[in-house]
Amino acid sequence: MSPLSPNHQLLPASEAVLGEGLTIRRALPTRLRRMVGPWTFLDHFGPTDVAHGDGMRVGPHPHIGLQTVTWLHRGEILHRDSLGSLLQIRPGQLNLMTSGRGISHSEESPDPRSPELHGLQFWIALPDHARHGEAMFDHYATLPVIERDGFTFTLMVGEGLGERSPARLFSPAVGIDAEVPGAAQTTIALNPDFEYAALVSEGEAAIDGETLRPGVMLYLGGGRDSLHLATTDAARFTLIGGEPFEAPVQMWWNFVARSKEEIVTAVTEWNAGRGAFGEVQGYDGERLRAPLPPWAQP
Ligand code: MN
């Protein structure tokens, strides 16, 4: 592996609207960068008014080859999965779903609910030794919180700031939420063996001197032992990092794999109701149908 070096690469997110007006900014993957360590997908959704209408409604769909990380700033999401999990997640809590060889789940706004929904969903690619294993769902109600120089850091996953998250990961990686009520600055320690990226979800923050707002992720490279953070007003941002991933991944729809053949198999099996995906009970709506990738169409 070539040694990592510090970098500044600005990655504009692509914007989409899901269902009834839930704005999604997709910061990973982008054309400029597919992964940051094992992090392979990052959606920043909202803030959206979900007081009226149905709110979030994502019907049963499958995953392979990844862990999903759900993290909320405001609001609630009701999670159901094929393992029988039925659970509401709230801000400050972590949902970590490990697909192993296959899982399916649905995500919806519960009733009653808070008027606003705002949060992040990440995917972490599973290394080869874990991607054929058992599916798992873990909910962490509390996580390590570190107060420093006016910043409140929450360690979502991995190790950092002298703490370790209880979340079960399969590759060396870290995910840190940072919240700050006003002007502040600090310097935090990083792992030089990790590559990192930062994403602002509220307000604005200067990360390593680069002023960021929602809609653009900053890839920071690696080989760094510290990072300077500064704000002039209230802000919220996330830092993700990890060792460069073991292999390039093949991604399509909700699947992370190593080959196009694995993707086609997953699409076919899910649509036929076969395979390791199981069934989601209790969701009031249709299961999603997997689209065939363009390169597999007749
Ligand atoms: Mn999903």
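Excluded from the calculations below are hydrogen atoms, water molecules and symmetry mates; all remaining heavy atoms, backbone and side chain alike, are included. Numbering of ligands and ligand atoms starts at 1, following listing order.
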(message) Angle between ring planes, His79 versus His105, binned at 30° and 60°: parallel, tilted or perpendicular?
(response) tilted
(request) Assess the side chains of Glu15 and Thr23: does a donor N or O sit below 3.5 Å from an acceptor N or O? (result) no
(request) Taking the six-membered ring for Trp and the full ring for Phe, Tyr or His, determine whether the centres of Phe122 and Trp71 are under 6.0 Å apart. (result) no
(message) Listing by chain and number, which protein N, O or S atoms are under 2.8 Å from the Mn ion (ligand 1)?
(response) His61 NE2, His63 NE2, His105 NE2
(message) Restricting to non-hydrogen atoms, name the atom on Val174 and the atom on Gly160 that form the minimum distance, rounded to 0.1 Å.
(response) CG2-N, 4.5 Å
(request) Report yes if the side chains of Met56 and Glu107 come closer than 4.5 Å at any heavy-atom pair, otherwise no. (result) yes
(request) Let me know which of Arg74, His44, His73 forms a side-chain hydrogen bond (donor to acceptor under 3.5 Å, both in side chains) with Glu202. (result) Arg74
